[in-house]
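Beneath this line is the structure, given in C-alpha cells, with notes to follow.
Values reported hereafter were calculated over all heavy atoms of this structure, with side chains retained and with hydrogens, waters and symmetry mates removed. Numbering of residues begins at 1 and proceeds along the displayed sequence. All ligand and atom numbering here is 1-based and tracks the order in the structure.
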Amino acid sequence: MTRYPDELRTRLADELAAARRRTQVLADAVDDAELTRQHSPLMSPLHWDVAHIANMEDLWLVRRASPGDEPAPGVREDIDHLYDAFINPRADRPALPLLDPAEARAYQATVRERSLEILDAAGADGRPLLEEGFVYGMIAQHEQQHVETMLATHQLRTGPRVLHADPPPASGLAAELVGTEVFHPGGRFTMGVDAVGPDVFALDNERPAHEVDVAPFHLDAVPTTNGEYARFIDDGGYTRRELWSDAGWEHVTAEGWTAPMTWELVDGAWHRTSFGEREPIAAVADQPVLHVCFHEAAAYARWAGKRLPTEVEWEYAARVDPESGRTRRFPWGDEEPTAELANLDQRHLQPAPVGAYPKGASPLGVHQLIGDVWEWCDSGFEGYPGFAPFPYKEYSEVFFGGDFRMLRGSSFGVGTVAARTTFRNWDLPIRRQIFSGFRCARSAGDA
Ligand code: AVJ
Ligand code: FE
C-alpha cells in the first residue's frame, strides 16, 4: 500500500475542505424551517442536498476508496435510496423521510472524517478510480456542483437578504467591448482532454482528447449584457413569433415570460432581484444577462442577426492559441484561475461587468469565457468519439441524446476545482433557474 505523495494528499484534502466550507455557508445562512422547505419544485430542499453530498462521498470514498478489492461498509447504507437522484425526482424529495438538518450535518461530518482517514492511509495502488487522486477530485467537484445548485435555490427563496459578498470588480472596457465580435480563423484543433496531469479531474464526458475541424466564425468578445437584452425586450423580442423556435414560442407564451427570471417592471423601469436585493437594471446594464433559458438566448441571437455558438466553436475560442496553434487549458494559458483572471467561487454574488477581467481574455480578445455566467451553446449532449462511462453511467451517459442543450464556461457560483474550458454542463432548453447567460456567434461569410 503506497500513500499518495504529500503534495497531492494536501491538494485533495484542501479541495474537499474548500467545498465543505461553501456547503456550510449556504446551509448555515438559513434556519431549519428554510433548510427543509422546498423553495421551488425545480429544486431540492437544501437539507436534501446536504445529505446527498454526504451520501455520494459515502458511496465513492468511504466504500470504494477504502483499501482492498471489495467495497468497505458505508456509514449509512440504509438511506442510499433517499438520496439517489434517479429514484427520487426533485419534486418528490420533500415528502421523503429525510434526515433532519442536524442528522444531515452529522452525516456529512462522520463521512468526511472517514474519507480523510482513508486519504491519509493509502494511495492509488493501481486502481483506476484512485489514479492521481481522481475520485477525491470527483467528489470535491460533486459537492461544488451541488453548492452551485444550493446557490440557485437561495436565488429562488424570498425574504430579506442572507448572503453577502463583495461587489464584483468594475470594468473600464465595457463601452469598448459591448457589441464587438472577434474573428476566429478555425481549422483543426484538439477538443476534450485526457484525464492526466493537471487535467486529472476531468470528468468522463470531457474525454478523450480528439481532433476536430471548425469552420471560420465570429464570436462576440463578451457575453450579451443586461443593457443589450433590455433593448431586445423593448423591441418586442418576447412578442415577435418569428424570432422563436416552435418549442421556444410554446414555452414562453405558456409561461407568460416577458423578461429574464429575476426581472420585473417597477414604475416603468426594469429591475432585477439578486439574492433578495432589488436593483435597477440600468445600474447593472454592463453585466452579462443572467437567468435566461436556451430559447430566450436563441431568440435574442436571431434578433441580433446572429446565432449561438456550437460547443466546438466555444471550446476552440477558449483554448486555441493562434500563435502556436496549441490547445491550452484556459483562455489565458495553462495556469489555474485566480481572482484576477475570473469571477468564480461565489467570491461575488453576481456576474462582473463585461471587460472586468482583461487578464483572463483569450489571445484574440474574447473575455470572460470562464466565470461570470454559463453560456448556452447550440449543441445537444453526446459522448465524444471513444467515450467510456467513468466511473458511473448516471453522471453523463444516461443523458446522451436527450432534450438537453449544452452550457460552457462556468458561472460566478462555480468552484475553481470544476472550472475548466473542457467542462460540459447541460440542462433542458427551458431551464433558467441556473446561472445561465450566453454570447452570440456568426459564421464567417454571413452578413
Ligand atoms: C452536470 C450540473 C447537470 O446537477 O444535474 C450533480 C451535476 N451530477 N450530481 C446536475 C451532478 C450528479 C449535474 N449537472
Ligand atoms: Fe449529485
Side-chain angles (χ1 to χ4, degrees), residues 16 19-20 22-23 26-27 40-61 79-93 96 98 104 107-108 111 135 137-156 201-207 291 293-294 311 344 373-377 379-383 387 389-415 417-420 422-436:
L16 291 174
R20 185 53 47 86
R22 281 188 73 202
T23 302
L26 295 186
S40 152
L42 296 177
M43 309 308 276
S44 316
L46 291 166
H47 76 317
W48 186 90
D49 287 289
V50 170
H52 168 81
I53 286 167
N55 187 242
M56 248 336 241
E57 187 170 329
D58 193 358
L59 282 167
W60 290 99
L61 296 187
I79 56 172
D80 287 354
H81 65 288
L82 298 174
Y83 296 102
D84 184 319
F86 282 85
I87 304 179
N88 309 294
R90 284 177 174 181
D92 297 352
R93 292 174 192 169
L96 299 171
L98 300 174
Y107 182 35
Q108 278 204 333
V111 168
V135 74
M138 179 185 95
I139 287 300
Q141 288 180 79
H142 180 259
E143 182 157 355
Q144 291 280 15
Q145 286 180 286
H146 275 273
V147 176
E148 188 183 13
T149 300
M150 290 169 72
L151 193 61
T153 304
H154 266 271
Q155 182 74 292
L156 290 166
F201 294 162
L203 301 173
D204 62 357
N205 63 46
E206 300 167 61
R207 321 177 193 179
H291 294 305
C293 75
F294 171 83
E311 267 195 290
L344 292 164
V373 293
W374 286 106
E375 301 181 16
W376 285 110
C377 289
S379 301
F381 193 19
E382 299 292 348
F387 169 85
F390 185 78
Y392 64 109
K393 283 192 169 65
E394 290 76 16
Y395 182 73
S396 306
E397 194 181 40
V398 298
F399 300 105
F400 291 165
D403 180 29
F404 301 104
R405 294 284 102 187
M406 303 308 287
L407 295 129
R408 288 304 209 98
S410 46
S411 78
F412 62 88
V414 164
V417 69
R420 288 185 296 279
T422 54
F423 192 97
R424 304 176 74 201
N425 195 4
W426 67 96
D427 213 325
L428 296 174
I430 58 171
R431 291 286 187 252
R432 57 181 201 171
Q433 86 284 1
I434 51 176
F435 300 115
S436 49

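A side-chain donor from one of Glu148 and Ser411 sits under 3.5 Å from a side-chain acceptor of the other. Side-chain contact check for Tyr392 and Asp204: no donor-acceptor pair (N or O, by modelled atom type) lies under 3.5 Å.
A donor-acceptor distance shorter than 3.5 angstrom exists from the side chain of Gln108 to the backbone of Val50, with no hydrogens or angles considered. Trp48 places a side-chain N or O within donor-acceptor distance of the main-chain N or O of Leu82, the cut-off being under 3.5 Å.
Heavy atoms only, all atoms of each residue included: Leu26 and Met150 are closest at CD1-CB, 3.9 Å.
The angle that His142 NE2 and His146 NE2 make at the Fe ion (ligand 2), rounded to 10°, works out to 90°.
A salt bridge does not link Glu206 with Arg424: every distance from a Lys NZ or Arg NE/NH1/NH2 to an Asp or Glu carboxylate oxygen is 4.0 Å or more.
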Under 3.5 Å: N or O atoms of ligand 1 paired with protein N or O:
from     : atom 1 : to     : atom 2 : distance (Å)
ligand 1 : 9 (N)  : His142 : NE2    : 3.1
ligand 1 : 9 (N)  : His146 : NE2    : 3.2

